[in-house]
Structures are given as C-alpha cells and as structure tokens.
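Computed from a predicted structure; not experimentally measured. We name chains A, B, ... by the order of the sequence lines, and we start the count at 1 in each one.
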Number of protein chains: 2
Amino acid sequence: MDNGNISVRTSGPAADKIGTSLRRAILRGEMQAGTRLRQDAIAQQFAVSHIPVREALRQLAAEGLVTIRPNRGAIVSRLSSAEARELLEIRCAIETQAVRWALPHADADVLARAEAALMESECTEDVARWMEINWRFHFTLYERAGRPRALSLIESLDLQIDRFIRVLFTASDYRKQAQEEHRAILAAYRVGNAAAVTSLLEQHITETSRLLTELLERYQDE
Amino acid sequence: MDNGNISVRTSGPAADKIGTSLRRAILRGEMQAGTRLRQDAIAQQFAVSHIPVREALRQLAAEGLVTIRPNRGAIVSRLSSAEARELLEIRCAIETQAVRWALPHADADVLARAEAALMESECTEDVARWMEINWRFHFTLYERAGRPRALSLIESLDLQIDRFIRVLFTASDYRKQAQEEHRAILAAYRVGNAAAVTSLLEQHITETSRLLTELLERYQDE
DNA sequence: TCTAGATTCAGTGTCATATTTGATCCGAAC
DNA sequence: GTTCGGATCAAATATGACACTGAATCTAGA
C-alpha cells in the first residue's frame, strides 16, 4: 500500500475514499483473506480519525469483502468452498438471464469491444490485469440488457469471488481454459445463438466453480 | 416512532440497534419513500451521538433502503417503476432456482409450516402482519435449498421491494389474488411438481410486478 | 431577468477522553 | 498438573464540543 498521507477532503467523503482504497487492495490480493484490519492503523495510514475508517469498514462489510466482529475488529473475509460454489451458482443463474436480455440488443460496438477485450487478455501475463479484462469481457456481453440493477448485482457477486479465482492462476492452467471458453462464448454471441451462449456460459462458470471449490477445499485441509 | 430514549449499549453496537429500528420503521411504512433522515434528529431520538447514526445510515444505504447524498443528507429510498420491475425479475430468476433446489428436500415439517403460514395469512386483516407472513410463506418454500447465500440475497431483494408492495393492498385486490396464487403454488409443491411450482411462482411474481409497476407509474405522474 | 455574494442548513470529521468487550495471563486452590 | 477466578491488555465503541465544508436558497444590484 503506497497511499502515503493523501488529502481525502477534496473529492467526496473520506469514508468513501478509504473504502475504495481498501477494496482495491483486497481485490488485488494485497490483503489476503483473514488479514486483520485495525482501525487505528488504517486511520494513521490515511491520516484521518478512526470515524471514517469505521464507516468504510461497515461499507466493505455490507459488500461481503470484510467481516466485522463486534469489539474484536475486522478481517478480510474468508470464503468457504460451499460459499464459493453457491456464489457461482447464483452468478450463473443471473448472468445467463442477463445475457438472454442483452443478446437481442447486441450491436457492432459491443461485439468490437468484447473482441478487443479478448485480444487484450491474450496479450497480458499480469494476473491483476487479466482479471480486470475478464470482468470487462463478461460485462460487455451483458451491457445491452437494459437492467442496471442486475448488472450491479452481478458486479457485487463478482467482487466477492474474483479475488479467490485469482489463485486458480498459479494452481491450474485456468487461464488457457478460460480463454478458450471465452472464445466459444463470443462466437455464439456473434451469431445471436442464445441457447448456445447460455449453455457455454453455464459450462464456463460451472467449470470455474468446480476448480475453485476443489482448491478451497484443499486450503481448508491445511 | 415511539422508541423513547432507550439504552442501546447493552446488546451490541449502537449502530446496529439504530439500523434495525430504522429498517423496521421503513419496512412498516412508518417512514415513506422520500422522507428526510436527519442525523441530528435521529441521534437525539435515540439519545446517542451522531457517530453511530452515521454508521447505521451507511449500513441501510448499502442495503438500498436509504439513499445518502453527500453533504445533503439521507432519504428513504424511492423506487422507480423500472427498478421495481427489474428487482422482481431478478427475484423471479433466483426464487425459481431456489425452489428447484429446495423441492427434492421438502419434508412434512416444511409443508406443515407453509400450510400454517397460509392459514394464518387468511385470518389477518393487518397489512404489516400479512406482509410478514407472506415472506415467511415464501421463505419456507426455499428453506431446504441448502443455499444460505441465495436465501440471504432473496431476503435483501425482498427488503428493497416489499414496502412498495404494501401499497397494492389499498390500490387493488392484491391480497385475494395473492392468496389464490399461494394456494396453487403450495398444492403443486405438495405433490413435488417442480415445473408447475416454478411456473406458478413465476406467474405470481410477474403479476405482482405488473400491478406494482403500473401503480408506481401512476405515482410518478402525480 | 440574471448574476454574484451572503446566508443557512446539515453534513463531515477532529480531538481528547471515557467506557466496554473479549482474549490472555497469572496466581491460588485443589 | 489442572482448573478457576481475577487482573490486565489491546482494541473497539462512543461522547460532546467544536471547526470546517458543501450545496441550496436568498437577497441585492446591475
């Protein structure tokens, strides 16, 4: 964390800025699951009092990224394999519906951007970068759904699970497999084949779920 | 609001107690959409400083019940007809999936409790009471899904929309219709007919959506 | 009528302080 | 050696008084 002592008063509430910064650190794996989040240390780091820190932590807790234990402090949330499986099941249910909504409204712009994301993801070796592009690829497919709430919900589910998907990179050849699956999804999307898109998307998420829950189960045995 | 000056220090953080109390007031319609939520007034009412009030408001904002405008204060969230429609669409997608998960594991206890909820809802004239029982009825059908996260998500969606469904009681014969639909759903559930259950549930939620969005559109024209 | 500055309102956060909670440690008793 | 109770510790939780900030509204002048 290289924030230094920034002025947090000039662009919105301090609590929001702190929350954004902590969220980023958690999502990039700089703060691992189980890490203690001490109010006074964070307050010192951001050169603020502990009040906006508490507010930021509450916000992150509501998002599921942080677990608050009253009077004992906050930690970066862990995720059990059962929870992971379930989150991905929910994602699957909503994302397949979102893509059905979006597909009839897909245009050349959407296709070009999804293709660009796919090309970009093939050129990067950086895990954090790849995860960002992965999200952008998926989001682009759903963009024309006309359902902001659903997309927001998908994003919040994504936030809870993507930092764990990150570990698949070192534990399996996840990236190669995911790229192939993305290619197939985009090909079906391009010709407007809704049944194929949803089926491929479902397989993609289900396979991710299988790999991730296996990995988390191994973690829990250690 | 008849809370008086209660001691909020004896069972968990003050912010949690305030949040719970405000949430209840919002859900029961005691605080209408658009109502100003002033930190100082709430702090006075609960005999606390403004700090736990701010934390409670942030928590409720994260739940979608409250909208915070920086430097301008918080209001009880409004809901546009488009948002209502979408929330119910999402609910429909998840609840039909939840009931599919639950149905193979339904037992006599679940059936008895769902039946009891239905009977109880037929005996009450109180809107708040009916809404609670309505939730209990639905929740009971999903209980055996073995998916705590999904059920939690359904509940949070419920929280965002049920206070608006309340107004259907005075604006249409919603209750009678909903009771009939509940009866049909339970009958199909009882014989384990998953296709019929999901289809009836989908119709039930879709019909609710239709009525509610019409009503909200009328509100917005005034 | 429009614009700029003043005023108002309520939020945002600090500070020094006190209190509370839960975990850990330590000594005494068995 | 084990158990139990009290003391200690670390960190969270919140107070009350105060200062500052931002956005909306009001007022006066051009």
Side-chain angles (χ1 to χ4, degrees), chain A residues 1 3-23 26 31-32 34-63 65-78, chain B residues 1 3-23 25-26 31-63 65-78:
Chain A
M1 295 280 286
N3 270 70
N5 288 348
I6 61 170
S7 165
V8 294
R9 202 64 197 272
T10 54
S11 47
D16 288 346
K17 304 260 327 183
I18 295 162
T20 299
S21 190
L22 292 178
R23 187 186 296 107
I26 293 169
M31 285 178 174
Q32 302 271 58
T35 303
R36 283 285 305 281
L37 299 170
R38 288 194 34 192
Q39 296 183 9
D40 57 350
I42 294 167
Q44 204 159 20
Q45 180 193 328
F46 286 89
V48 295
S49 78
H50 71 278
I51 304 300
V53 174
R54 290 175 58 80
E55 289 179 27
L57 289 177
R58 275 186 173 260
Q59 175 70 27
L60 293 174
E63 293 170 19
L65 293 183
V66 163
T67 304
I68 292 179
R69 301 162 301 177
N71 295 304
R72 296 318 300 153
I75 59 168
V76 177
S77 297
R78 300 185 208 271
Chain B
M1 294 280 284
N3 270 71
N5 288 349
I6 61 170
S7 167
V8 294
R9 203 63 198 272
T10 53
S11 45
D16 289 345
K17 305 254 333 177
I18 294 162
T20 299
S21 189
L22 292 177
R23 186 184 298 110
I26 293 169
M31 285 178 173
Q32 303 270 57
T35 303
R36 284 286 305 280
L37 299 171
R38 288 193 37 190
Q39 295 183 6
D40 58 349
I42 294 167
Q44 204 161 19
Q45 182 195 324
F46 286 88
V48 296
S49 77
H50 71 275
I51 303 299
V53 175
R54 289 173 60 80
E55 290 180 27
L57 290 177
R58 277 190 173 257
Q59 174 71 28
L60 293 174
E63 293 170 19
L65 291 183
V66 163
T67 304
I68 292 179
R69 302 161 302 177
N71 294 306
R72 296 316 301 155
I75 60 169
V76 177
S77 297
R78 299 184 209 274

Atom-to-atom span, [atom1] of [X] to [atom2] of [N] - whole angstrom:
X: R69(A); N: dA23(C); atom1: CZ; atom2: P; value: 9 Å
X: H50(A); N: dT20(C); atom1: NE2; atom2: P; value: 16 Å
X: L57(A); N: dA14(D); atom1: CG; atom2: P; value: 14 Å
X: I51(B); N: dA18(C); atom1: CD1; atom2: P; value: 18 Å
X: F46(B); N: dA14(D); atom1: CZ; atom2: C1'; value: 16 Å
X: D40(A); N: dA10(D); atom1: CG; atom2: P; value: 12 Å
X: I75(A); N: dG22(C); atom1: CD1; atom2: P; value: 16 Å
X: I68(B); N: dA23(D); atom1: CD1; atom2: P; value: 16 Å

Partner set under salt bridge (charged side-chain N to carboxylate O under 4.0 Å, His left out) for R36(B), not counting sequence neighbours: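 R36(B) satisfies salt bridge (charged side-chain N to carboxylate O under 4.0 Å, His left out) with no residue once adjacent residues are dropped.
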
Taking any heavy-atom pair under 4.0 Å as a contact, classify L37(B): base, sugar-phosphate, or nothing.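 Sugar-phosphate only.
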
Looking at dG13(C), I'd like to know if its phosphate oxygens (OP1 or OP2) sit under 4.0 Å from a side-chain N or O belonging to R54(B). yes

Has R38(A) got a side-chain N or O lying under 4.0 Å from the OP1 or OP2 atom of dA11(D)? yes

If you look at every heavy atom in G19(B) and L60(B), which pair is closest and at what distance? O-CD2, 3.8 Å

Judged by nearest nucleotide, the residue sitting upstream toward the 5' end of DNA chain C, R36(B) or R72(A), is R36(B)

Nearest of dT12(C), dA14(D), dT13(D) to any side-chain atom of Q39(B)?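 For the Q39(B) side chain, the nearest candidate turns out to be dT12(C).
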
List for me each residue that meets side-chain contact (heavy atoms from CB on, under 4.5 Å) alongside E55(A), sequence neighbours excluded, and say none if there are none.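 Checked E55(A) against side-chain contact (heavy atoms from CB on, under 4.5 Å); matches are A15(A), I51(A), R54(B), E55(B), R58(B).
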
Are any of the side-chain heavy atoms of L65(B) and V76(B) separated by less than 4.5 Å? no

